[in-house]
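Structure, as structure tokens:
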Amino acid sequence: MTHLKLKNLFTILLCFIILLPVVFLSGCFDEAFSIYFGVEEMPYNLDPQKAETYGELLAVRNCFKGLFKEDSDNNIVPDLVDTYTVSDDKLTYTFKLKTAKWKDGTEITADDFIFAVSRAKDPVTASASKELVENIEKMAEIDSKSFIFKLKRPDENFLKTLTSAVFKPCNRKFFEKSGGKYGLSRQYLLTNGDYSVASWNDRQIKLRLTENHERINTAPENVFITVSSTGKNSVERINDKEIGMAVNTINDWSSVDNSKYSITQRLSKVYALIFNKNTEVGRNENLTSAFAKSIHKEYYSVRMSKRFSVPKSVILNDTLLPAIPPYEYQFDSTAARDEFLEALKDFKNKKLPSISVLTAQSSDINSVLRDIVSQWQSHLGAYVNVTTLKNEDILLSTVKSGGFTVALVPLNNDEDEILKLLTDNTSGIYLNNGELDKAATDYFEAHDFSKKIKALTDAAMLLSKETSVIPIVSAPTSYIVDKTYNNVVFSAVDSTVDFTIIYK
């Protein structure tokens, strides 16, 4: 072998030896990858204090760091909080922040959190999550890194609540310079999280992992939050390999290949017919009782989607309440007809006013509603229209504003949220039930677990006697994930995902 050949061989071997650790180590880390996450509605606003749809909340969670977060076991742990204390009366929380910066390099301060909550509390903001901040009575800055929140009443879940999007910080100076456009585009968005918005159009938002993220070797480099360009639902998009992840409460996932996708479900919602007590229809207890008693649940249950079930209560938490009292008003067509005729005496010309049930677009849910409306017509002679709104977010907004007579309302499987909605005298679905208001107050103020359960049981009992809140269908939320993704954890608070902990 010539000297030149030996020299070339030596060079090749040397390069191999030098590169061997790199090749070996690169096998320890996954190569950069992207996730395509399908949503039903394109995010419109990434202002954390106004974010409302699932896609918006998903983007906010990954683009903003807050005071606390959920870890991979759904435990609540500090995020930007360094230390905190809670007063003996459980009303005053004092927070000290870690040193952290916004994307533009400015320091994150106590004022960023105080300003964020102030905005959420301000009616002008029209925050969809306003109820989450209403228990905060006072906010005060101690210094640039420390501040307090004082509550109106104790809340053992307050730290969990602080993981919500509405509590993410907002830079006052940047917000004021945005001129009312904050959160509506990349130009008017200042973030502090592990991802930033790389691009944003009417079909997708592209999130890119920031350079200073400490787990850049494992987390997906790009995340695309995307809607269908052809009107496909999430199941169709999964089957056509357009997306690898989705969260949905509407579609049936039975056609998805479970050898390639992980599909899990949580019982997450109960759909209840709720009458507005501020209307002449909702105030008439004979009428609402007649409507309740003329619904034959066995009739519609055998015809509805197999993924649904008939709930016995609007409160579904049988872990806390092993013996939840069932809804009291069962099918009785004779009694329903008698009460209906009695109720008509209270209306002009003894005729039923025009009634329309509000609902959101969902073929499975609305097939149940059509069965119920048909039963009202058959058993009572009551003709009721159905008005379908574009989505559940619009429906909930309309219901909370009081702009309805009766609606098929999706209620999250969260007893705290349900009690707040039904006992808030500023809400369109306030029941104006003094006993229920007291039970809810006792529940929220109880420190002792047994007293809390007693108050919740009392509230459930009272709701079982409410003719204006009729539980109709309970439905799961479906979570579908490509099995090549590991460590995918869906938030117990809002079902969103922290992309930084996912790897392939």
Side-chain angles (χ1 to χ4, degrees), residues 35-71 74 76 79 113 116-117 119-120 125-133 157 160-170 182-186 189-197 200 204-207 220 223-227 234 243 245-250 266 268-269 360 390-397 400 410-414 416-417 421 477-481 488-502:
I35 288 178
Y36 287 80
F37 199 115
V39 295
E40 299 298 321
E41 184 177 356
M42 188 64 198
Y44 168 74
N45 196 332
L46 298 190
D47 174 351
Q49 280 67 61
K50 300 190 75 168
E52 184 172 6
T53 67
Y54 182 81
E56 291 169 351
L57 295 172
L58 182 64
V60 165
R61 175 170 183 181
N62 287 278
C63 290
F64 288 85
K65 288 181 176 289
L67 296 171
F68 289 83
K69 65 180 180 180
E70 289 178 87
D71 66 11
N74 288 133
I76 307 303
D79 194 0
F113 289 96
V117 176
R119 288 189 56 233
T125 304
S127 174
S129 303
K130 184 181 178 182
E131 68 274 7
L132 296 180
V133 301
N157 293 315
K160 179 180 178 180
T161 302
L162 290 179
T163 67
S164 304
V166 70
F167 286 97
K168 304 299 184 185
C170 181
Y182 181 67
L184 297 179
S185 68
R186 290 179 61 211
L189 188 65
L190 182 61
T191 60
N192 70 329
D194 292 307
Y195 285 86
S196 60
V197 177
W200 186 354
Q204 70 178 24
I205 288 180
K206 178 182 178 181
L207 305 184
V223 174
F224 297 86
I225 299 173
T226 168
V227 296
S234 295
I243 55 176
M245 296 177 68
V247 173
N248 201 276
T249 59
I250 298 173
R266 296 177 186 167
S268 60
K269 289 186 179 181
K390 182 179 179 181
N391 56 53
E392 289 186 356
D393 295 319
I394 295 174
L395 172 64
L396 286 170
S397 177
K400 288 179 181 179
L411 300 171
N412 288 332
N413 183 17
D414 183 330
D416 289 27
E417 183 176 331
L421 282 171
T477 293
S478 300
Y479 303 85
I480 183 164
V481 177
V488 179
V489 180
F490 291 94
S491 165
V493 176
D494 59 13
S495 292
T496 57
V497 174
D498 178 356
F499 292 114
T500 65
I501 64 175
I502 298 174

With sequence neighbours excluded, tell me which residues meet side chain to side chain contact (heavy atoms under 4.5 Å, CB included) with [X].
X: Thr226; result: Gln204, Arg237, Ile243
X: Ser397; result: none
X: Val227; result: Val39, Met42, Arg203
X: Lys400; result: Glu131, Leu421

Would you please name every residue forming a side chain to side chain donor-acceptor pair (under 3.5 Å) with [X], sequence neighbours left out?
X: Ser495; answer: Tyr479
X: Asn62; answer: none
X: Thr477; answer: Ser268
X: Asp494; answer: Ser491, Thr496

Do you know the tightest heavy-atom contact between [X] and [Y]?
X: Ala116; Y: Cys170; answer: CB-N, 3.8 Å
X: Glu41; Y: Asn391; answer: OE1-ND2, 2.9 Å
X: Leu395; Y: Ala360; answer: CD2-N, 3.9 Å
X: Pro43; Y: Leu46; answer: CB-CD2, 4.2 Å

Rounded distance [0.5 Å steps], [atom1] in [X] versus [atom2] in [Y]:
X: Glu392; Y: Thr53; atom1: CD; atom2: OG1; value: 12.5 Å
X: Ile225; Y: Tyr36; atom1: CD1; atom2: OH; value: 13.0 Å
X: Cys63; Y: Leu58; atom1: SG; atom2: CG; value: 9.0 Å
X: Ser129; Y: Gln49; atom1: OG; atom2: CD; value: 9.0 Å
X: Tyr182; Y: Thr125; atom1: OH; atom2: OG1; value: 11.5 Å

Partner set under salt bridge (Lys or Arg N to Asp or Glu O under 4.0 Å) for Asp498, not counting sequence neighbours: none
Side chains of [X] and [Y] in contact at under 4.5 Å (non-hydrogen atoms):
X: Asn412; Y: Lys269; result: yes
X: Ile76; Y: Glu70; result: yes
X: Arg119; Y: Asp47; result: yes
X: Leu207; Y: Phe224; result: no

Derivation of the side chain to side chain contact (heavy atoms under 4.5 Å, CB included) call for Ser234 and Glu40: CA-CA 7 Å; Ser234 295; Glu40 299 298 321; 2.4 Å; yes
Is there a donor-acceptor pair closer than 3.5 Å between any side-chain N or O of [X] and the backbone N or O of [Y]?
X: Asn192; Y: Lys65; result: yes
X: Glu417; Y: Leu411; result: no
X: Glu56; Y: Asn45; result: yes

Partner residues of Tyr54 under the ring pair (Phe, Tyr, Trp, His ring centres under 6.0 Å) criterion, sequence neighbours left out: Phe37
Ring pair (Phe, Tyr, Trp, His ring centres under 6.0 Å) partners of Phe113, counting only residues at least two apart: Phe147
Hey, can you pull the donor-acceptor pairs under 3.5 Å for the side chains in residues 160-168, sequence neighbours left out?
| unit_1 | atom_1 | unit_2 | atom_2 | d |
| --- | --- | --- | --- | --- |
| Thr161 | OG1 | Asn157 | O | 3.1 |
| Thr163 | OG1 | Lys160 | O | 2.6 |
| Ser164 | OG | Thr161 | O | 2.9 |

